[in-house]
Amino acid sequence: MANISISDVRKSYGKDEVVHGVNLEIANGEFIVILGPSGCGKSTLLRMIAGLESISAGQIAIAGTVVNDLEPRERGCAMVFQNYALYPHMTVAENIGYALKVSGMAKAERLEKVRVVAASVGLSEFLDRRPGQLSGGQRQRVAMARAIIREPRVFLFDEPLSNLDAKLRVQMRHEIRRIHNRIKATSVFVTHDQQEGMTLADRLVVMNKGNIEQVGTPEEIYHSPASVYVGGFIGSPAMNFLSGQIVAGGVMLANGGKIPLPQALAVAHNGSLAQIGLRPEELTLVPAGKGAFDATFEFSEELGPSRLYHFQFEDLTLSVLSADKPPVEQGKPMGIRVEAGSVHLFAADTGKRLRAREAVAQPELVV
Amino acid sequence: MKRAVFKNNWVAALMVAPQLLIIFVFFYWPTSQAMYWAFTLEQPWGGGNTWVGFDNFAAILFDDLYWYSVQVSVVYAIGATVLSVGMALILAVFVDRQLRGFKAYKIGMIWPYAIAAPAVGLAFRFIFNPGAGIMLYLNDAFPGAWDPNGNGTHAMIMVIVAGAWKQIAYNFIFFLAGLQSIPRSLLEAGAMDGARVLRRMRDIQLPLLAPTFFFVLVINITDSFTDSFGIVDTMTGGGPARATNLMVYKIFNDGFQGLDYSGAAAQSIILMFLVVALTVVQFRYIERKVHYT
Ligand SMILES: Nc1ncnc2c1ncn2[C@@H]1O[C@H](COP(=O)(O)OP(=O)(O)O)[C@@H](O)[C@H]1O
Ligand SMILES: [Mg+2]
């Protein structure tokens, strides 16, 4: 069992706090992806788990043992670094076997293990090469093998795929998932690529400026983002945002257009100012005047199975994903139909998601 | 690299002239003079020099005193180099690990290199004075424990320490730069792989520092053959009993004290070839410097 328990963990560099009280429970064998833009503190959090950064406040426990004051080697974690961090003066075999050598394993046994692990990631022919003589993908495999061979309780990945080209990245992503399914070590994977996060994770942790915005399965996060930030970050093409005021039955936009809302949601927040998140794939194009509002068509992007249509709506841009070929014309308005069930509603001031069931809780809070 | 092209060759010539002049006046001319003296001998009763071929060199090579000086120089070179390279490496590792107070002594470390060798020699003469300061306490407690004026070994230790001290700063800068060019993530990977500080140093930092190490080693040996003059001159004058009569000091001694210009010139030619050889080794090595990536 190697669950990870992160409680109110903070990190400061001098006076700057870059991780502000993170709480997270990671179950044994789970594949967690920490997702967030560059500079949001993902690596810092990961490195605190690894023991490469001290923990300024709070507690991290691995398998029930508080590791705050343990050295990296005492924590049972293996890490794959963004730039691979392979030892340039050692051969592939020496790189992979270094941890075993340090631990004092007999040479014959060590070489045998290196051979087996190298074979499992397809590196058998390269054992005598130096990292400098390998391609990016091969280096990535060496880094993986170096982590696997230690049979760690916890696998940590810091953007391990970001230096690879697009095709190789997908291929390695599948390989990482395959390896995880095989060895089932608890894994924490850091990335800024939402697609990577969505596809790899059992559970996603979305971070923003040193805080966790939302934790959930990729599906939960896609279907009910907890904030404007998460909604905008997850999903490709990106979510559209409009603002308006909630009235009976919907949201009134500034120009008079009205977007329908489920009854319970509209009642619960009647009168509040709101931001509306609309996923391009959940909107439909209809003739002008027949939708929730009209927008002016600008241009479209061909994606193969579908097209992304871009519109100008007031001073905002808006996109709609469609597999049909609607009769759009540049500079001419189109109607945009919105299903009540597909609207993501967020409070205009806090950016937090507005939910129907909060209506029950609210009267009590008012008292 | 971008190449500047001068349309007018005269401008180019004018610009390199000062540098060429300096090199000529302070290198080629003295060297040619030394060559002249080395292959000639002044006639006993005046009347110009006569060509003697390699006689001056033969005389040196059959002179036990010369070989003793070579031996002493080698001891000095090894001693000073090992001491200064070793100390510089240790200090650079400390600074690299950013141990407490590293900023202060990072600056302090660089100063000694700016001090001229004779000044270093003078300063260390005070420090190692057997009749004053801490050495006096030592001699009071254990009479005769420190006697650089009479004991050749003590004198050699003294010049080695002074020479090494002066050289540490230079080595330190190279080692620190070398250590800092090793990506932090390599050491972190080592830490994740279970290696402790010393193990990481041995397995990761030192191997990656090898090119720097070799460079510094050659520079130090070269330097110990030439730059040691000022230190020996101010501290021991080559004594006692020629115990610190390094090759470079012997040249000065034979030439300007003994007035044996031809013998001194021949010795300086030999020393020059030694230094040139070391420099060639160094350049060849730097050209083929180990590139891992
Ligand atoms: N050693 C450090 N000293 C000072 N600030 C740091 C240091 N490391 C990271 N930071 C800051 O902490 C924040 C989070 O960094 P990081 O965890 O690397 O972000 P991410 O991995 O999400 O891109 C950044 O604003 C960064 O500038
Ligand atoms: Mg990062």
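A, B, ... follow the sequence lines: proteins, then strands. Residue 1 opens every chain.
Contacts between A:Leu86 and chain B at a heavy-atom distance below 4.5 Å involve the backbone alone (N, CA, C, O). Contacts between A:Arg47 and chain B at a heavy-atom distance below 4.5 Å involve the side chain alone, from C-beta outward. Of the atoms belonging to A:Ala78, it is backbone heavy atoms, and not side-chain ones, that fall under 4.5 Å from chain B.
Counting only distance, with no hydrogens or angles, the side chain of A:Tyr87 and the backbone of B:Gly190 share a donor-acceptor pair below 3.5 Å.
Atom CE of B:Met272 is surrounded by more than 12 heavy atoms from other residues, nucleotides or ligands within 6.0 Å. Within a 6.0 Å sphere centred on CZ of A:Arg182, heavy atoms belonging to other residues, nucleotides or ligands number more than 12.
B:Ala189 and A:Ala85 get closest at one heavy-atom pair: CB-O, 3.8 Å. In terms of heavy-atom proximity, B:Ala191 sits nearest to A:Leu52 at CB-CD2, 4.4 Å. Closest of all the heavy-atom pairs between B:Leu186 and A:Pro88 is CD1-CD, 3.6 Å.
Between B:Arg196 and A:Glu71 there is no side-chain heavy-atom pair separated by less than 4.5 Å. Between A:Lys101 and B:Asp193, the closest side-chain pair of non-hydrogen atoms is not below 4.5 Å.
Taken from OH in A:Tyr98 to CZ in B:Arg199, the straight-line distance is 5.0 Å, to the nearest 0.5 Å. Here the straight-line distance linking atom CG of B:Leu209 with atom NE2 of A:His89 works out to 11.0 Å at 0.5 Å rounding.
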